[in-house]
Amino acid sequence: MLDTMLPEVATYSQAKADETELFKGDPKTFTQRRPRASANPRYQKAFMEVFNLYRQVLKGDSYAALSFKENMTRSDFSFLFGDIIDRQLLAQYAQMPVQWTSLARAGRVRDFRRVKRFTLDGGESVLAEVPEQSEYPAASLADGFYEYQVRKFGRRIPLSWETLVNDDLDAFASIPERLGNAARRSEERFATALYATATGPASPFFGAPNGNLTDAQLTVSGLQEAMTIFGEQLDADGNPIFVSAATLVVPPALEVKALNILNAIEILAADGGGNGVENDQLRVSNWMRNKVSLIVNPWLPTIDLATGSTAWYLFANPNSGRPAMEIGRLIGHEAPQLFQKSPNATRVGGGLIDATDGDFDSDSVEWKVRHILGGTLMDPKSAVASTGDRVGS
């Protein structure tokens, strides 16, 4: 049945580079997707047979496990099963929470060489009045650039043949999940390490020269102070920078305080009238609910050993204007890739061996995940940081 799939497998392997749909735990999701080479009815039928057999193995069906190991010696079966494992990794990677895309622009690069992101400032100041028969004033332009390069990250997971036998192949179920989690966590930690260091918010990106660093504690007034810093930023031409929305990033220690501030129904404020006590109070709707979104970043206290539990950050929408950061990934390799080491042994008399029988020397079976990413800080005017250690605020 499956041995008729070899020509279709070759066709599908060429189209798989464009695969974007992910495994969601329901076998129907493999067949109800956009048209592609894998939509071939014979491929679908064979794929579903392998998928259902694999699912029975994970449920503890000993007969299915025996049939599974017997069929793994066939190249078409191994290919189809590899597709299942690969989709499981991508599904887990997609299901993990994504935070950095709210703070940084997602970039794409062609290769591992340093890439430059060029900027152009000038010519956007308010137009000057031109007197009659006078020459129009000229504006100067200033160009600049940011640069970074993507790097390769990865990990191997070796398993012994004995482990696979004893585990009744359950080890297969956890490998894609573990490697998918590792890839997503690597992205989040990489992005966090751009703006947070072991000694606090990244300097000189955050500092007095850029006017984007404060020491206010996370309170309503502290958040208002940070928003004021945003509002007073000017571009190269002296124009105000409009920030339509911002993302507040806090460590777990400040999560409850941040939720209380952002979810409050109204704020008692003295600014704008009264002194905020007794009957002389100003009650306002919580304007921050619709303007500020929240991210709780658990990597902050693990990276920032000095202010990791008190420091907090505000980032402007990275899709509006020049972003504070860019995270780039290699074109064609935006998602993590899973590999399995091919067995280097053959049976006496010839013939393929089960991929789970491992290599010739030690019967070990290995999986590898590869993920490519890089990034850089960009415009300091699109972010504000606070060490949060001001006394009495």
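Annotation: Glu135, atom CD; neighbour count of heavy atoms from other residues, nucleotides and ligands within 6.0 Å does not exceed 12. Around the CD atom of Gln149, the shell of radius 6.0 Å holds more than 12 heavy atoms that belong to other residues, nucleotides or ligands. Shown here is Phe339, whose CZ atom has more than 12 heavy atoms of other residues, nucleotides or ligands within 6.0 Å. No more than 12 heavy-atom neighbours from other residues, nucleotides or ligands sit within 6.0 angstrom of CD1 on Ile265. More than 12 heavy atoms of other residues, nucleotides or ligands lie within 6.0 Å of CZ in Arg114, so this atom counts as buried by the packing criterion. For Arg289, the CZ atom sits in a packed shell: over 12 heavy atoms of surrounding residues, nucleotides or ligands are nearer than 6.0 Å.
Judged by distance alone, the side chains of Gln217 and Arg390 never bring a donor and an acceptor atom under 3.5 Å apart. A donor-acceptor contact under 3.5 angstrom links the side chains of His371 and Glu187, judged on distance only. A donor-acceptor contact under 3.5 angstrom links the side chains of Glu326 and Tyr148, judged on distance only. Under the 3.5 Å distance criterion, with hydrogens and angles disregarded, no donor-acceptor pair is assigned to the side chains of Thr376 and Arg117. Side chain to side chain, Thr192 and Asn297 meet the donor-acceptor criterion of an N or O pair below 3.5 Å.
Lys381 places a side-chain N or O within 3.5 Å of a backbone atom of Leu234 that can act as its donor or acceptor partner. The backbone N or O of Ala182 lies less than 3.5 Å from a partner atom in the side chain of Ser186, making a donor-acceptor pair. Side-chain N or O atoms of Asn263 include one that pairs as donor or acceptor with a backbone N or O of Leu259 at under 3.5 Å. With Asn212 contributing its side chain and Phe205 its backbone, the two residues share a donor-acceptor pair below 3.5 Å. In this structure, Glu188 contributes its side chain and Gln99 its backbone to a donor-acceptor pair below 3.5 Å. Using a distance-only test at 3.5 Å, with no hydrogens or angles considered, a donor-acceptor pair links the side chain of Glu334 to the main chain of Gly332.
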Carefully, step by step, assess Asp111 and Arg113 under the rule salt bridge (Lys or Arg N to Asp or Glu O under 4.0 Å). CA-CA 6 Å; Asp111 51 43; Arg113 291 174 293 184; 2.6 Å; yes

If you apply the rule ring-ring contact (aromatic ring centres under 6.0 Å, His included), what do you find for Phe315 with Tyr195, and how did you get there? CA-CA 11 Å; Phe315 287 87; Tyr195 64 85; 5.0 Å; yes

Kindly determine whether Leu248 and Leu218 satisfy side-chain contact (heavy atoms from CB on, under 4.5 Å), including the steps that lead there. CA-CA 10 Å; Leu248 172 64; Leu218 183 60; 4.3 Å; yes

Decide side-chain contact (heavy atoms from CB on, under 4.5 Å) for Val249 and Leu103; before the verdict, give the C-alpha distance in whole Å, the side-chain angles of both, and the deciding distance to 0.1 Å. CA-CA 9 Å; Val249 183; Leu103 314 177; 3.7 Å; yes

Just do the ring-ring contact (aromatic ring centres under 6.0 Å, His included) check on Phe206 and Tyr313 with the steps written out, would you? CA-CA 10 Å; Phe206 294 111; Tyr313 303 80; 5.7 Å; yes

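Taking every heavy atom of both residues into account, Asn210 and Gln233 meet most closely at O-NE2, 3.5 Å. Of all the heavy atoms in Arg151 and Phe190, the pair that sits closest is NH2-CE1, 3.2 Å. The shortest non-hydrogen separation linking Pro318 to Pro323 is O-CB, 3.7 Å. Residues Glu225 and Ala216 approach most closely at OE1-CB, 3.7 Å, considering heavy atoms.
Side chains of Ile327 and Leu194 form a contact here, defined as non-hydrogen atoms less than 4.5 Å apart. Residues Val130 and Pro137 are in side-chain contact: their nearest non-hydrogen atoms beyond the backbone lie under 4.5 Å apart. Contact check for Ile157 versus Glu366: no side-chain heavy atoms found under the 4.5 Å cut-off. Looking at Thr387 and Thr310, their side chains never come closer than 4.5 Å, going by heavy atoms from C-beta outward.
Note that the CD1 atom of Ile331 and the CZ atom of Arg108 stand 4.5 Å from one another [nearest 0.5 Å]. Distance check: Ser386 OG to Leu223 CG gives 10.0 Å after rounding to the nearest 0.5 Å. Note that CG of Leu338 is 9.0 Å distant from CH2 of Trp367, once rounded to the nearest 0.5 Å. The structure places CZ of Arg105 at 10.5 Å from CG of Asp379, a figure rounded to the nearest 0.5 Å. Note that the OG1 atom of Thr247 and the CG atom of Leu314 stand 8.5 Å from one another [nearest 0.5 Å].
The cluster map of Ile, Leu, Val, Met, Phe, Trp and Tyr, joined by side-chain heavy atoms under 4.5 Å apart, puts Val296 and Trp312 in the same cluster. In this structure, Phe153 is not a member of the same hydrophobic cluster as Val109, with clusters built from ILVMFWY side-chain heavy atoms closer than 4.5 Å.
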